[in-house]
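A quick write-up on the structure given underneath.
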Amino acid sequence: MRDGQPNKYSNMSNKRPPGEIKSSNQLSVKKPKLSSVTAPTNKKQASVKPEPKAEDDDDDHLPISQRIKKSPTSESKSSSIKKTTKVVSSSVKKVNKKSKKVMKNSKYSKSSKVPPSSGEGKKWNKLEHNGVIFPPPYKPHGIKMLYKGKPVDLTPEQEEVATMFAVMLDTDYMNKPRFKENFFGDWKKILGKNHVIQNLEDCDFTPIYEWHQSEKEKKKQMTTEEKKALKEEKLKQEEKYMWAWVDGKKEKVGNFRVEPPGLFRGRGEHPKMGKLKKRIRPCDITINIGKDAPIPECPVPGERWKEVRHDNTVTWLAFWNDPINPKEFKYVFLAASSTLKGLSDKEKYEKARLLKDYIQGIRAAYTKNFASKDPTKKQIAVATYLIDKLALRAGNEKDDDEADTVGCCTLKVENVEPVPPNILKFDFLGKDSIRYQNEVEVEAAVFKAIQQFRSGKEGSSDLFDLLDTSKLNAHLKELMPGLTAKVFRTYNASITLDDMLSRETKGGDVAEKVVVYQHANKEVAIICNHQRTVSKSHSAQMLRLNEKIEELKAVVEELKSDLSRVKKGKPPLKSKNADGKPKRNLNPESLEKKIAQTNAKIEKMERDKETKEDLKTVALGTSKINYLDPRITVAWCKRHEVPIEKIFNKSLLAKFTWAMDVDPSFRF
DNA sequence: CCCATATACTCAGAGTCATAATC
DNA sequence: CGATTATGACTCTGAGTATATGG
């Protein structure tokens, strides 16, 4: 469903001319003002050395938003993009899907357990916390599901898993055969070989589903006092887990609740969707605390932690192995508002700001390499261009047991279609299986390069066959200390906000300024392709808005008629209003006023309607939380006397405390 | 005050990327 | 020993649910 709708915000764009640079000199002059960016080889910078040609359409330093221009040919784009269902081929692909499944139990020789001591990557000196809290044990409900129409007795364990499935009866997963197969496979193991239940098709879970719905309803019907009491009870229980002591400071813990058991809800076409995610127990959990901190008490009587470590080179407080993918981990970290997280957040933005000093040189360098004879260099250049211009993600290789999604380095031939003379049509599933659709005008050299990368390959093979993220990042690191692909996303998002705010903030009242901010925020969200599904009620809501607008228009018409009649000394056509009250205010002045008021109301509603329609598939939150340097926002608020609370909610304010004292003149 | 809509917050899955281990 | 692959740890994501808001 999410990948269903075309992205109406496709940008046709860009006409940034090649070339155009400052002297190479300038590059090296800029000093990293960043302690955290461990500057490796400053010498390598040579490779960014731009050449002094210049063709001054100097928009190189500008944010993407400004570099993007509507292309003349941008009519009905998205509609026509379709996946050319191609014959899958074994093909060119370097057999690089890691042979993950093999990997015989090379038990991690934990000789390398920890490298702390050296004080080098030290994250903390003292760390104390209370561990994690577990979900309550399963409470059997005894509701019987049906098999071939007859009630079935299930053990609590069997019932628990059946209930996990029943609860999802009204989700889209029921339309996914993969989900059902995986579920049934895991459930079957618990039912046992000779159980009456032999296939899913003959199972009727509706009794359990309905029981669950009624439980939900019951909960909803509780009075506010009851809910409040329940909440306080929970809070009391959890209070001690909410906090940690880090280097003498009390800090909030993020996710101290262990994930409850359930069915795996993989996104997109995930091969493992529906598999049973089993209950985590204390013996699955590894705790990390300071050397002389007391060991957290295990909350389950009679059980104990798997292990207690003292590793101050990491920030996690606890972890367990992901039951779906046992070689992956689930961590408990401090909350976003903590000092530790704030620090690394700040470092992230400082690194992105540093890129500002290098970006011209980097763009010049990759532009030059569009035509490189070295094929790897050429691919790196084009990939970097896409990452910079379109804010694409790096695109790591994925295993076969994950959803099939791509990023820049993993783009397939079929994901990018060149449309002469110089348009590229992108269509692929990115992170979280969110569809990315875009048509972009690119420089001739890029267009040619893409055509070349595609030629002779099948649709399913890699566009950048000589590239992967580590090669790309290794190259980026030579251009700027600490530079990686994701920094471009942060940079382009933040510079766009900064730029749009400074260009578009005019006078006006606070509300108008907030609109300017939201507009910029939206632009960033579009660049980053932050989408959301259209709410179920969206169309109904639009309809209602339209109705209301029509109603108001009718009111205006009547008022106008009243006005003209009153002016002629005649009484209104109707002596009563729609609500049945007799009309008052029959003098022209008040009628005029009323007309103006109503028209203003209509205009406002029209605007609201537009915004709503505009934002129906755009999620603003993600960029605000992860990509926009809060100092831009805070400084802008200070300059324009906008209360910061208009922009940041409570948790954002807490997360961004480190940015609050920024100088009003701060610019990204 | 009630309802519905908007916003805030939680949740856990899905990425990125550095480094260690292995080939 | 250089290149891959595996491991580990951290950020980023939209959905779902709870709560606030406002008409």
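Throughout, a chain's letter reflects where its sequence line sits, starting with A, and its residues are numbered from 1.
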Discussion item. Without decimals, in angstroms, what is the distance between Lys351(A) NZ and dT11(C) P?
Written reply: 12 Å

Practice prompt. Answer with base, sugar-phosphate or nothing: what part of the nucleic acid does Thr469(A) contact at a heavy-atom distance below 4.0 Å?
Written response: nothing

Discussion item. With a 4.0 Å limit, can you tell me whether His530(A) has a side-chain N or O closer than that to the phosphate oxygens OP1/OP2 of dC12(C)?
Written reply: no

Discussion item. Taking the minimum atom-to-atom distance to the side chain of Lys330(A), which one of dT7(C), dG13(B), dT11(C) wins?
Written reply: dG13(B)

Worksheet item: Got a salt bridge between Glu613(A) and Lys616(A), using NZ or NE/NH1/NH2 to carboxylate O under 4.0 Å?
Response: yes

Worksheet item: Counting any heavy atom closer than 4.0 Å, what does Gln541(A) reach on the DNA or RNA strands: base, sugar-phosphate only, or nothing?
Response: sugar-phosphate

Discussion item. With a cut-off of less than 4.0 Å, is there a side-chain N or O of Arg489(A) near OP1 or OP2 of dT13(C)?
Written reply: yes

Discussion item. Students often get this wrong, so: under 4.0 angstrom with heavy atoms, is Thr315(A) touching a base, only sugar-phosphate, or nothing?
Written reply: sugar-phosphate

Discussion item. Whole angstroms only, please: what is the NZ-P distance between Lys231(A) and dA18(C)?
Written reply: 11 Å

Discussion item. So, OP1 or OP2 of dC10(C): does either fall under 4.0 Å of a side-chain N or O from Lys123(A)?
Written reply: yes

Discussion item. Does dG13(B) have OP1 or OP2 under 4.0 Å away from a side-chain N or O of Lys272(A)?
Written reply: no

Worksheet, complete the sentence: In whole angstroms, the gap separating P of dG8(C) from CH2 of Trp320(A) amounts to 17 Å

Item to complete: Name the nucleic acid region contacted by Pro323(A), choosing base, sugar-phosphate or nothing; use a 4.0 angstrom heavy-atom cut-off, strictly under.
Response: nothing

Item to complete: For this output row, return yes or no: ring centroids of His530(A) and Tyr627(A) closer than 6.0 angstrom.
Response: yes

Worksheet item: Is Lys341(A) near enough to dC10(C) that one of its side-chain N or O atoms lies under 4.0 angstrom from OP1 or OP2?
Response: no

Discussion item. Students often get this wrong, so: under 4.0 angstrom with heavy atoms, is Phe264(A) touching a base, only sugar-phosphate, or nothing?
Written reply: sugar-phosphate

Item to complete: Could you tell me whether Asp284(A) and Arg281(A) make a salt bridge, using a distance below 4.0 angstrom between a side-chain N and a carboxylate O?
Response: no

Worksheet item: Base, sugar-phosphate alone, or nothing: which one does Gly621(A) contact when heavy atoms must sit under 4.0 Å apart?
Response: nothing

Discussion item. From CG of Leu467(A) over to C1' of dC17(B), roughly how many Å is that when rounded to an integer?
Written reply: 15 Å

Worksheet item: For Asn473(A), which contact category applies under a 4.0 Å heavy-atom criterion: base, sugar-phosphate, or nothing?
Response: sugar-phosphate

Discussion item. A quick test of your reading: do over 12 heavy atoms of other residues, nucleotides or ligands sit less than 6.0 Å from CZ of Arg279(A)?
Written reply: yes

Practice prompt. Indicate, with a heavy-atom threshold strictly under 4.0 Å, whether Ala403(A) touches base, sugar-phosphate, or nothing.
Written response: nothing

Practice prompt. Ignoring backbone atoms, test whether Ser537(A) places a side-chain nitrogen or oxygen under 4.0 Å from the OP1 or OP2 oxygen of dA4(B).
Written response: no

Worksheet item: Base, sugar-phosphate, or nothing: which does Asn626(A) touch, judged by heavy atoms less than 4.0 Å apart?
Response: base

Response to the item:
Walking DNA chain B from its 5' end, the first of Arg257(A) and Phe648(A) to be reached, judged by nearest nucleotide, is Phe648(A)

Practice prompt. Spell out yes or no: do the side chain of Lys431(A) and the base of dC12(C) have one donor N/O and one acceptor N/O closer than 3.5 Å?
Written response: yes

Discussion item. Taking side chain to side chain donor-acceptor pair (under 3.5 Å) as the criterion, tell me which of Glu269(A), Lys398(A), Lys431(A), Arg435(A) meets it with Thr405(A).
Written reply: Lys398(A)

